[in-house]
Asks: 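Handing you a structure now.
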Amino acid sequence: MSDRINVRNLLEQKGQLSPDVVAIKTDGKIVDLHSFVDPTTTFDLVRATDKDGLQVIRHSTAHVMADAVQKLFPGTKVTIGPAIEDGFYYDFDKPGGGFTEEDLKKIEKTMRDIVKGNTPFRREVVSRNDALSLFEKMGETFKVEIIKSIPEGEEISLYKHGTHEKSSNYEKDWVDVCEGPHVPRTSNLGAVRLTSVAGAYWRGDERNPMLQRIYGTAFATQEALDEHLKLIEEAKARDHRKLGKELDLFLFDQVAPAMPFFLPRGAHIYNALVDYMRGLYAVHGYEEVITPQAFDPKLFRTSGHLGNYNENMYRLWTEDLLEDAVAKDKDGSEKSTVDFIKQLQDSSFAIKPMNCPSHCVIFGSRRRSYRELPWRVADFGRLHRYERGGVVHGLSRVRTFCQDDAHIFCTRAQVAEEIEKFIQLLYVAYKAFGFEKIDVKLALRPEKRIGTDADWDMSEGALAEGLRRAGLAFENLPGEGAFYGPKVEFHVQDALKRSWQLGTIQFDPNLPERFELDYVGEDGKEHRPVMLHRAVFGSLERFISVYIEHCGGNFPAWIAPMQAIVLTVSDKSEAYGRDVLARLKAHGFRVEADFSGDKLGAKIRNARSMRHPYMIILGEKDVEGGTVSVRSRDKGELGAMPYDQFVATLAEESKPPR
RNA sequence: GCCGCGAUAGCUCAGCGGUAGAGCAGUGCUUUCGUAAAGCACAGGUCGUCGGUUCAAGCCCGACUCGCGGCUCCA
């Protein structure tokens, strides 16, 4: 132990100490320059610009922010402040309410002063009791709780900053109990921006007190920070809620909270997605059904949803039902409110939150043979789920939606092959929409589950086998499966490198069991099938939100609500313009026109904002030559061309990519 | 559901105790124009809803509804 050496000194000896080195990585662990290691340790350097270095910078910046907050707002208690995906946060317990936007600016300014102070971070290992008494004395009750929760025998370290080497007045240091690692000096920080404030529960538990969280982000250089902020701006510009309004795709109204109204252009996209998927279903052996919207609650008692999912279901009542529920008991006594509600709950129809029970009803409606399996049954039924107020978000989390839902009833032996086939379908679809990078995850048995370990070995094995047959690399997610079975998740990366879970396929032996579904096997005996729940888009609403942001509203011609707009240079070409418009429409193209008195420049500007793939510009030259002048959204000005040439181009682009 | 913020014309937003505003969009007229905004005029609103304070409320206070940023949740 005595021959351990300070990392800074070790690097100095080796001549590897440079200003951009913020830590080292040894044995998979990031260790900062303040720590002590064995001098023979092998390691890699962690530089400020590395991914690991960024974590160190962000965590250290969180400390500096907490220091600034406590300087500016005395009495504020600190809790935790980790680095996260895009930056960092720190949770505070601030008396007298939250932070304002102005507060953030002040805090940023004070942080810059601390950075300019260029004081070193220092690590101190202390005993549990010393740590406890220190933070108890400071009144940092949350820190005391944290220290108490650190397992016995684990090293407890403090990190301090704020004192110049020349001075020895440690009293004014800002101190936090922290594992580290941290940058050498506050001057390693600086490219920082505080982005937002939000409430957050202590330890993420909604029964705990609400704390004030400040989010920020930090980078090694100002350039990197600026680039990140630009990406945030770009994401804002592509926000599907903004584009949905600008492009007249959909709207929301108080009369139906969190339920979208698809306008003609948005409805076109919605229908185009359904048509596209129906095309794939025809090739991949699916059959589509149409099922009821509202059900006797008995159905969901059988499926088990009424137990777990009741609070998310919409219910229906009718006048008859109300009268029955209000009616006096047989002995003539008044019904209690409790009885009234109970009777309503027992008898009021439930609007479906998912399609699977319907499909089980269909499967069980007659005798089935093994020859029918696998049976792939698709449903574009409208679903309703009551989502809590705070969780709804544009089209990505709504209360009514439509899944590209299908269920595959099959034998256990068929599962792996069905997984493989589904993956083929899914990859074709994702490619068509320009999603090239797909992460695949296999969610494995959770703590709370039904079925034997042997069942789970079989089902997890079948899913993994299907993935292997499809030639996919995948990540295991232990404990993330549904209570009845494992599932595969497909996450796509969009144009801004953000990841979204869209598709899924899940193994479910539970519903066939609850509905007592059987088929007659080759042996003439009855056997129970299993079912696979699967979706490629997930919900159409959510997929549309992701796709809008992925393409920035620049829909390719095969899916664009409007494929072209005819613009006339002046009234002199209007007759020709009307003729071209009519002919294009007769071909089945989606075309509109602007024959207004605006100047061409204005028409182009207006048309651009609607992001049509093509503008057809018609002036006197085109009238004379019988041509169309084409301006492509993606390729720029294409100049005058024969009408037929444009028709051929657009016809080609109107087909879904294969 | 919780913390914080917000709701003013179709859209984007200003006004923050004293007679409701701008730009764009819309309508009419003038202009007939070749690749990112022509000009003039007109019209458009119980300032989210309900209640309170005040001589006076879009503005201050409260409740509710809806939305936004998060948290929690998404069997």
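In what follows, every chain begins at residue 1, and chains take the letters A, B, ... in the order their sequences are listed.
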Asks: Walk me through whether Val536(A) and Phe422(A) qualify under side-chain contact (heavy atoms from CB on, under 4.5 Å).
Replies: CA-CA 9 Å; Val536(A) 176; Phe422(A) 170 67; 3.6 Å; yes

Asks: Just verifying a value: how many Å separate Gln70(A) CD and Glu140(A) CD, rounded to the nearest 0.5 Å?
Replies: 5.0 Å

Asks: Asp379(A): what forms a salt bridge (Lys or Arg N to Asp or Glu O under 4.0 Å) with it, not counting sequence neighbours?
Replies: none

Asks: For nucleotides 24-31 of chain B, give me every protein contact, N/O to N/O, under 3.5 Å, one pair per line with atom names.
Replies:
none

Asks: Kindly state which residues belonging to residues 499-510 of chain A come within less than 4.0 angstrom of RNA chain B, counting heavy atoms of the residue only, listed by number.
Replies: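 Of all residues in residues 499-510 of chain A, none places a heavy atom under 4.0 Å from RNA chain B.
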
Asks: Hey, does Met313(A) reach any base, or is it just sugar-phosphate, or nothing, if we go heavy atoms under 4.0 Å?
Replies: nothing

Asks: Indicate, with a heavy-atom threshold strictly under 4.0 Å, whether Ala482(A) touches base, sugar-phosphate, or nothing.
Replies: nothing

Asks: Determine the Euclidean distance between corresponding C1' atoms of U53(B) and G17(B); express it in Å to zero decimal places.
Replies: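 Their C1' atoms lie roughly 12 Å apart.
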
Asks: Which atoms of nucleotides 8-13 of chain B (N or O only) lie under 3.5 Å from a protein N or O atom, and what are those distances?
Replies:
{"from": "U12(B)", "atom 1": "OP1", "to": "Lys245(A)", "atom 2": "NZ", "distance (Å)": "3.1"}

Asks: In a table with atom names and distances, give each donor-acceptor pair under 3.5 Å that connects a side chain of residues 248-267 of chain A to protein atoms at least two apart or in another chain.
Replies:
{"from": "Asp253(A)", "atom 1": "OD1", "to": "Val255(A)", "atom 2": "N", "distance (Å)": "2.9"}
{"from": "Arg265(A)", "atom 1": "NH2", "to": "Glu592(A)", "atom 2": "OE1", "distance (Å)": "3.1"}
{"from": "Arg265(A)", "atom 1": "NH2", "to": "Glu592(A)", "atom 2": "OE2", "distance (Å)": "3.3"}

Asks: Under the salt bridge (Lys or Arg N to Asp or Glu O under 4.0 Å) test, which residues partner Arg605(A), sequence neighbours left out?
Replies: none

Asks: Could you provide the dot-bracket string of RNA chain B, using ( ) for intrastrand pairs, [ ] for crossing pairs and | for bases paired to another strand, with Watson-Crick or G-U pairs below 3.5 Å?
Replies: (((((((..((((....[..)))).(((((.......))))).....(((((..]....))))))))))))....

Asks: Using a 4.0 Å cut-off on protein heavy atoms (strictly under), produce a 5'-to-3' string for nucleotides 64-70 of chain B with B for base contact, S for backbone-only sugar-phosphate contact, and - for none.
Replies: -SSSSBB

Asks: Go through the structure and list residues passing side-chain contact (heavy atoms from CB on, under 4.5 Å) with Thr79(A), not counting sequence neighbours.
Replies: Asp91(A), Phe142(A), Trp202(A), Leu211(A)

Asks: Less than 3.5 Å apart, which donor and acceptor atoms pair up between the side chains of residues 623-630 of chain A and the rest of the protein, not counting sequence neighbours?
Replies:
{"from": "Thr627(A)", "atom 1": "OG1", "to": "Asp622(A)", "atom 2": "OD1", "distance (Å)": "2.9"}
{"from": "Ser629(A)", "atom 1": "OG", "to": "Asp622(A)", "atom 2": "OD1", "distance (Å)": "3.0"}
{"from": "Ser629(A)", "atom 1": "OG", "to": "Asp622(A)", "atom 2": "OD2", "distance (Å)": "3.4"}

Asks: Taking only residues two or more places apart in sequence, or in another chain, which ones meet Pro357(A) in a side-chain contact (heavy atoms from CB on, under 4.5 Å)?
Replies: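 Counting only residues at least two positions away or on another chain, Pro357(A) forms a side-chain contact (heavy atoms from CB on, under 4.5 Å) with Leu299(A), Phe300(A), Ser303(A), His305(A), Met354(A), Phe515(A).
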
Asks: How far does the C1' atom of U19(B) sit from the matching atom of G23(B), given to the nearest Å?
Replies: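 Taking atom C1' in both U19(B) and G23(B), they lie 23 Å apart.
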
Asks: Is there a residue in residues 619-640 of chain A whose heavy atoms reach under 4.0 Å of RNA chain B, and which residues are they?
Replies: Gly619(A), Glu620(A), Lys621(A), Asp622(A), Ser629(A), Arg631(A), Glu637(A)

Asks: Could you tell me whether Glu549(A) and Arg498(A) have a side-chain N and a carboxylate O separated by less than 4.0 Å?
Replies: yes

